[in-house]
Amino acid sequence: MTRIWNKNKALWLLFLPCLLYYLIFRYAPMFGLVITFKDYNLFKGIWASDWVGLKYYRMFLENPDFWPLMKNTFLLGVYKLVFGFPAPIVLAILLNEVRKAAFKRFVQTVSYLPHFISNVIVASMVIMFLSPTGGLINNLLGWIGVRPINFMNEPGLFRGIYVLSEIWQHIGWETIIYLAALTAIDPQLYEAADMDGASRLRKIWHVTLPGISPAIVITLILNIGKVLEIGFEKVFLMQNPAIYDTADIISTYVYRVGMVQGNFSYGASIDLFMGVISLIFIYTANLLSRRFSETSLW
């Protein structure tokens with residue numbers, strides 16, 4: 001063990017900040033999950049608060065808002081997975097086919113930039129662009145004779161608007177994974193395909209996609225595990241009472257009952273419940289991947 005440490009000392013030191021981050025901000029707070037089984041009182045503290053068992057879990061399952069919240073969260077996550085997951089793969093393949101390096105770098109830079117914009121600014125941009133009075137989209141629609149549409153007050157449009165904004169914001173950043181995977185493909189495979197007279201589409205189908213399939217499978221498993229982990233900030237900033245029917249999700253509900261109303265035990269119970277569901281999702285996805293392919297997380 002000492003020999004391994006001395007040989008890789010620099011690598012261990014580089015890994016140390018990451019390890020400390022997870023220990024302090026991910027694992028240490030897990031001890032606080034005991035409040036999900038207690039009637040937590042801020043003045044009594046965690047250990048002196050009364051034990052209530054599964055009270056708050058039953059309360060959430062029996063809540064009339066349970067199914068609407070689950071439906072909204074699940075649909076938003078599934079739409080994001082179905083439409084958002086393939087987008088960076090397609091962009092990476094298209095960039096891989098570009099022969100002009102300057103144009104390729106320009107597209108990469110432009111597509112990366114939105115990832116570094118905060119959700120507050122992105123949500124403000126979406127609301128501003130879709131505004132019925134002076135919004136860019138409604139101005140364009142006005143030129144072709146379409147009356148202004150109040151996009152942000154239409155419950156049926158919220159999911160599409162959210163997913164499109166997510167794709168625009170993160171497509172470039174997520175493409176990095178697949179571009180890195182593409183560099184590992186042996187160029188001789190493309191040369192062999194050229195000699196066989198394969199078209200570009202044939203090379204993409206028979207060389208490119210199989211070459212990056214391990215990266216695709218791993219990221220798909222991770223994304224399936226995060227189907228119910230819809231980001232709080234953007235949804236909260238984009239929603240309003242007129243679109244609660246489709247925009248009210250688990251994370252915004254937890255914020256209202258846990259932080260605004262001060263019911264910390266109830267909010268923590270909902271969060272832990274959703275974490276268990278996500279664990280089941282990712283475990284099932286990994287099990288299916290291991291059974292039907294050679295790639296899995298474990």
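Remember, it's a predicted structure, so these values are computed and weren't measured experimentally.
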Working to the nearest 0.5 Å, report the span between CD1 of Ile221 and OG1 of Thr284. 11.0 Å
Do Ile224 and Ile277 land in one hydrophobic cluster if side-chain heavy atoms of ILVMFWY residues count as linked below 4.5 Å? yes
Could you tell me which residues satisfy side-chain contact (heavy atoms from CB on, under 4.5 Å) with Ala242, sequence neighbours excluded, listed by chain and number? Asn153, Asn240
Ignoring hydrogens, what is the shortest heavy-atom contact between Ala247 and Thr252? Give both atom names and the distance. O-OG1, 4.4 Å
Roughly how far apart are Phe60 CZ and Tyr266 OH, rounded to 0.5 Å? 6.0 Å
Would Ser111 and Thr175 count as a side chain to side chain contact (heavy atoms under 4.5 Å, CB included) if you check the C-alpha gap in whole Å, the side-chain angles of each, and the deciding distance to 0.1 Å? CA-CA 9 Å; Ser111 62; Thr175 299; 5.8 Å; no
Classify the side-chain pair Tyr40/Asn263 by whether it contains a donor and acceptor separated by less than 3.5 Å. no
Please examine the side chains of Val235 and Ser251, heavy atoms only from C-beta on, and report whether any two atoms are closer than 4.5 Å. no
To the nearest 0.5 Å, what is the distance between CZ (Arg290) and CG (Leu287)? 5.5 Å
Say you draw a straight line from CD1 of Ile89 to CD1 of Ile177; how long is it, rounded to the nearest 0.5 Å? 10.0 Å
Extract all donor-acceptor atom pairs below 3.5 Å that involve side chains of residues 28-38 and protein atoms in other chains or at least two apart in sequence.
unit_1: Thr36; atom_1: OG1; unit_2: Leu33; atom_2: O; d: 2.8
unit_1: Thr36; atom_1: OG1; unit_2: Tyr57; atom_2: OH; d: 3.0
unit_1: Lys38; atom_1: NZ; unit_2: Trp47; atom_2: O; d: 3.4
unit_1: Lys38; atom_1: NZ; unit_2: Ser49; atom_2: O; d: 3.1

Kindly say whether Ala198 contributes a backbone atom to a donor-acceptor pair with the side chain of Asp196 at under 3.5 angstrom? no
For Glu191, what residues pass the side-chain contact (heavy atoms from CB on, under 4.5 Å) criterion, not counting sequence neighbours? Gln188
Checking Asn286 side chain against Leu297 main chain: does a donor-acceptor pair fall under 3.5 Å? yes
Do Leu42 and Trp51 share a hydrophobic cluster, counting only Ile, Leu, Val, Met, Phe, Trp and Tyr and linking them when any side-chain heavy atoms are less than 4.5 Å apart? yes
CG on Leu14 to CG on Asn8, rounded to 0.5 Å: 11.0 Å
Where do Gln261 and Val257 come nearest, in terms of heavy atoms and distance? CB-O, 3.5 Å
Note, Leu179 side chain near Leu182 side chain (heavy atom, < 4.5 Å): yes
Check the pair Leu237, Lys234 against side chain to side chain contact (heavy atoms under 4.5 Å, CB included), reporting the backbone distance first and the verdict last. CA-CA 5 Å; Leu237 293 167; Lys234 188 186 290 185; 5.9 Å; no
Which atom of Ser265 lies closest to which atom of Ser269, heavy atoms considered: O-OG, 2.7 Å
Plane angle bin for Trp173 and His115 - parallel if under 30°, tilted between 30 and 60°, otherwise perpendicular: parallel
Determine whether more than 12 heavy atoms belonging to other residues, nucleotides or ligands lie under 6.0 Å from atom CZ of Phe116. yes
Verify the cluster assignment for Phe66 and Val254: are they in a single hydrophobic cluster under the rule of side-chain heavy atoms below 4.5 Å apart? yes
Throw together a table of side-chain donor-acceptor distances under 3.5 angstrom for residues 200-220, partners on residues two or more places apart or in other chains.
unit_1: Arg202; atom_1: NH1; unit_2: His206; atom_2: NE2; d: 3.4
unit_1: Lys203; atom_1: NZ; unit_2: Asp194; atom_2: OD1; d: 2.8
unit_1: Thr208; atom_1: OG1; unit_2: Tyr190; atom_2: OH; d: 2.7
unit_1: Ser213; atom_1: OG; unit_2: Pro210; atom_2: O; d: 2.8
unit_1: Thr219; atom_1: OG1; unit_2: Tyr178; atom_2: OH; d: 2.8
unit_1: Thr219; atom_1: OG1; unit_2: Ala215; atom_2: O; d: 2.8
unit_1: Thr219; atom_1: OG1; unit_2: Ile216; atom_2: O; d: 3.0

Could you give the side-chain donor-acceptor pairs of residues 98-109 under 3.5 Å, partners two or more places apart or in another chain?
unit_1: Arg99; atom_1: NH1; unit_2: Asn96; atom_2: O; d: 3.1
unit_1: Arg99; atom_1: NH1; unit_2: Glu97; atom_2: O; d: 3.2
unit_1: Gln108; atom_1: NE2; unit_2: Tyr112; atom_2: OH; d: 3.2
unit_1: Thr109; atom_1: OG1; unit_2: Arg105; atom_2: O; d: 2.8

Give the C-alpha distance, both sets of side-chain angles, the deciding distance and a yes or no for side chain to side chain contact (heavy atoms under 4.5 Å, CB included) between Leu164 and Trp168. CA-CA 6 Å; Leu164 286 173; Trp168 172 77; over 6 Å; no
Audit row: Ile282, Leu222, side chain to side chain contact (heavy atoms under 4.5 Å, CB included) steps and yes/no: CA-CA 7 Å; Ile282 196 170; Leu222 294 173; 4.1 Å; yes
For residues 117-131, tabulate all N or O donor-acceptor pairs below 3.5 Å that involve a side-chain atom, not counting sequence neighbours.
unit_1: Ser118; atom_1: OG; unit_2: Ile121; atom_2: N; d: 3.4
unit_1: Asn119; atom_1: OD1; unit_2: Gln169; atom_2: NE2; d: 3.2
unit_1: Asn119; atom_1: ND2; unit_2: Glu233; atom_2: OE1; d: 3.3
unit_1: Ser124; atom_1: OG; unit_2: Val120; atom_2: O; d: 2.8
unit_1: Ser131; atom_1: OG; unit_2: Thr133; atom_2: N; d: 3.2
unit_1: Ser131; atom_1: OG; unit_2: Thr133; atom_2: O; d: 3.3
unit_1: Ser131; atom_1: OG; unit_2: Thr133; atom_2: OG1; d: 3.4

Co-members of the apolar cluster containing Leu288 [side chain, <4.5 Å]: Phe292
Using side-chain contact (heavy atoms from CB on, under 4.5 Å) as the criterion, list what pairs up with Ile144, not counting sequence neighbours. Leu141, Val146
Quiz: residues 69-88 side-chain donor-acceptor pairs under 3.5 angstrom, not counting sequence neighbours:
unit_1: Asn72; atom_1: OD1; unit_2: Arg159; atom_2: NH2; d: 3.0
unit_1: Asn72; atom_1: ND2; unit_2: Pro68; atom_2: O; d: 3.3
unit_1: Asn72; atom_1: ND2; unit_2: Asp245; atom_2: O; d: 3.1
unit_1: Asn72; atom_1: ND2; unit_2: Asp248; atom_2: O; d: 3.0
unit_1: Thr73; atom_1: OG1; unit_2: Leu69; atom_2: O; d: 2.8
unit_1: Thr73; atom_1: OG1; unit_2: Ile250; atom_2: N; d: 3.0
unit_1: Lys80; atom_1: NZ; unit_2: Glu166; atom_2: OE1; d: 2.9

Pairing residues for Tyr21 by the side-chain contact (heavy atoms from CB on, under 4.5 Å) criterion, not counting sequence neighbours: Phe25, Arg26
I want to check something: taking the side chain as every heavy atom from C-beta on, are Gln239 and Ile249 in contact at a cut-off of under 4.5 Å? no
Determine which pairs satisfy ring pair (Phe, Tyr, Trp, His ring centres under 6.0 Å) with at least one residue from residues 214-255, sequence neighbours left out, and list them in order. Phe232-Phe236, Phe232-Tyr255, Phe236-Tyr255
Single-linkage hydrophobic cluster, 4.5 Å side-chain cutoff, Phe15 and Leu11 together: no
Ile176 and Val90: same hydrophobic cluster, using ILVMFWY side-chain contacts below 4.5 Å? no
Euclidean distance, Asn223 CG relative to Phe281 CZ, rounded to 0.5 Å: 13.5 Å
With sequence neighbours excluded, residues passing salt bridge (Lys or Arg N to Asp or Glu O under 4.0 Å) with Asp50: Lys44
